[in-house]
Amino acid sequence: MSTDDGQAKKLKLYSFWRSSCSFRIRFALNLKGLEYDLITVNLYQGEHRKAEYLKINPIGFVPALVDDDIVVADSFAIALYLEEKYPQHPLLPDDLQKRAINYQVATIVCSSIQPFQNLGGNKFMDDKISLDEKIAWIKAQIEKGLSALENLLHDHAGKYVTGDEIALGDVFLAPQIHAAILRFSIDMTKYPVLSRCYDGYNELPAFLNALPENQPDFPAMIMHTNEADFMKQLRGEN
């Protein structure tokens with residue numbers, strides 16, 4: 001991948017600091033040692049609905065990756081694209097069973113946990129139920145997914161989801177656990193396997209550098225606190 005003058009062209013990642021889907025791809029890019037230009041898309045200000053961004057990703061979600069003339073949207077698709085295009089630090093084990101476990105971890109996170117806490121669903125519920133009721137419902141969905149992951153990984157995990165090498169499932173699991181703890185105050189003592197994995201992630205510069213609070217669009221004026229308090233701060237209620 002290079003420009004006409006022979007200079008390497010950086011990847012471009014469209015990202016939002018609080019999007020766990022964006023977090024996954026920042027983590028994956030860091031693990032693979034790939035340089036990229038980060039382009040922020042403020043979901044709270046509706047930048048994902050503007051025509052300029054919809055040309056990049058017509059559904060208006062983040063993240064989206066631009067690699068020269070190739071545009072890939074959706075975190076799962078991006079992760080697989082990166083794995084095929086950039087084989088350094090492979091995220092998929094050679095062992096077929098371990099691959100299957102990694103695929104399951106990724107799909108449980110991105111289809112059975114994360115959608116219940118995203119911005120669209122939150123806004124829909126705002127006019128239907130109280131903030132406390134909404135948070136309780138979201139937490140119940142997260143805990144259901146975490147319980148499934150705990151059971152799935154019980155006989156397969158090492159330091160990470162399928163052993164002592166970081167893999168695709170970790171890329172999806174790490175941001176989800178981070179959000180569960182910081183945003184929704186989930187008690188992780190119920191999930192010892194997942195907690196062990198999370199301890200491992202916190203030793204990795206690739207994970208730490210991808211954290212929401214280490215992104216250029218992280219709002220310094222607002223504390224990165226739990227979901228209920230954060231939403232109140234956004235509304236100017238405290």
Side-chain angles (χ1 to χ4, degrees), residues 18-32 61-63 74-80 82-83 89-122 134-204 206-208 210-212 226-227:
R18 211 164 199 241
S19 160
S20 62
C21 299
S22 299
F23 188 170
R24 299 166 192 163
I25 301 306
R26 295 194 302 264
F27 188 19
L29 287 165
N30 292 346
L31 285 169
K32 287 184 171 290
F61 295 155
V62 290
D74 184 87
S75 61
F76 197 95
I78 295 171
L80 293 182
L82 290 173
E83 184 68 0
H89 194 118
L91 296 175
L92 284 173
D94 292 332
D95 181 86
L96 189 57
Q97 183 182 32
K98 288 185 177 181
R99 282 194 177 218
I101 296 297
N102 276 277
Y103 289 141
Q104 289 175 77
V105 172
T107 54
I108 287 173
V109 169
C110 68
S111 66
S112 300
I113 304 179
Q114 186 275 330
F116 296 112
Q117 67 189 46
N118 68 13
L119 184 61
N122 269 256
K134 180 178 75 171
I135 297 300
W137 184 84
I138 293 172
K139 287 180 68 172
Q141 307 313 309
I142 293 172
E143 290 178 333
K144 178 181 178 181
L146 293 180
S147 295
L149 289 166
E150 181 77 12
N151 291 333
L152 174 66
L153 297 179
H154 184 270
D155 296 327
H156 300 282
K159 186 174 183 178
Y160 306 116
V161 296
T162 50
D164 294 335
E165 297 293 331
I166 203 88
L168 182 73
D170 299 294
V171 165
F172 283 76
L173 179 61
Q176 185 58 62
I177 297 177
H178 188 76
I181 295 170
L182 266 69
R183 292 179 58 181
F184 298 100
S185 303
I186 300 295
D187 177 12
M188 291 300 296
T189 61
K190 297 181 290 187
Y191 313 108
V193 174
L194 302 186
S195 295
R196 184 174 72 240
C197 291
Y198 188 64
D199 288 343
Y201 305 145
N202 277 285
E203 298 174 357
L204 299 173
F207 173 73
L208 299 176
L211 287 169
N226 66 60
E227 186 76 3

Worked check of side chain to side chain contact (heavy atoms under 4.5 Å, CB included) between Arg24 and Val109: CA-CA 11 Å; Arg24 299 166 192 163; Val109 169; 3.7 Å; yes

In short, Ala79 meets Leu168 closest at the heavy-atom pair CB-CD1, 3.8 Å

So, taking the atom named CG in Leu173 and the one named SG in Cys110, what distance separates them when rounded to the nearest 0.5 Å? 12.0 Å

Heavy-atom nearest pair, Cys197 first then Val161, reads SG-N, 4.0 Å

Look up atom CG in Asn102 and atom CG in Asp170, then write down how far apart they are to the nearest 0.5 Å. 6.5 Å

So CG of Leu146 and OH of Tyr191: to nearest 0.5 Å the spacing works out to 5.0 Å

Got a second to check how far Arg26's CZ is from Cys21's SG, nearest 0.5 Å? 10.5 Å

For the pair Lys190 and Glu150, evaluate salt bridge (Lys or Arg N to Asp or Glu O under 4.0 Å) and give the outcome as yes or no after the intermediate values. CA-CA 9 Å; Lys190 297 181 290 187; Glu150 181 77 12; over 6 Å; no

Taking every heavy atom of Lys32 against every heavy atom of Leu91, the minimum-distance pair comes out as CE-CD1, 4.0 Å

Please examine the side chains of Ser195 and Thr189, heavy atoms only from C-beta on, and report whether any two atoms are closer than 4.5 Å. no

Quick one: does Tyr201's side chain get under 4.5 Å of Tyr160's, heavy atoms only? yes

Here the gap from Ile138 atom CD1 to Phe184 atom CZ, rounded to the nearest 0.5 Å, amounts to 4.5 Å

CG (Asp74) and CG (Leu80) are apart, to the nearest 0.5 Å, by 9.5 Å

Does any non-hydrogen side-chain atom of Lys159 lie less than 4.5 Å from one of Glu203? yes

Tell me, with the steps shown, if Leu211 and His178 meet side chain to side chain contact (heavy atoms under 4.5 Å, CB included). CA-CA 9 Å; Leu211 287 169; His178 188 76; 3.4 Å; yes

Taking side chain as C-beta onward, heavy atoms only, is Ile113 less than 4.5 Å from Leu149? yes

Do Gln176 and Phe23 come within less than 4.5 Å of each other through their side chains, counting heavy atoms only? no

May I ask you to test the Gln104-Ile101 pair for a side-chain heavy-atom distance under 4.5 Å? yes

Could you give me the CA-CA distance, side-chain angles and deciding distance for His89 and Ile166, then say whether side chain to side chain contact (heavy atoms under 4.5 Å, CB included) is met? CA-CA 9 Å; His89 194 118; Ile166 203 88; 2.9 Å; yes

Heavy-atom side-chain contact between Ile186 and Lys139 under 4.5 Å: yes

When you look at CG of Asp187, are more than 12 heavy atoms from neighbouring residues, nucleotides or ligands closer to it than 6.0 Å? yes

Any side-chain heavy atom of Phe27 within less than 4.5 Å of one from Leu204? yes

Are Phe172 and Phe76 near enough that their ring centres are under 6.0 Å apart? yes

Which pair of non-hydrogen atoms, one from Arg196 and one from Gly158, has the smallest distance, and what is that distance? NE-O, 2.9 Å

Give a yes or no on this: more than 12 heavy atoms of other residues, nucleotides or ligands lie within 6.0 Å of atom CD of Glu165. no

Chi angles and distances behind the side chain to side chain contact (heavy atoms under 4.5 Å, CB included) call for Asn202, Tyr198: CA-CA 6 Å; Asn202 277 285; Tyr198 188 64; 3.3 Å; yes

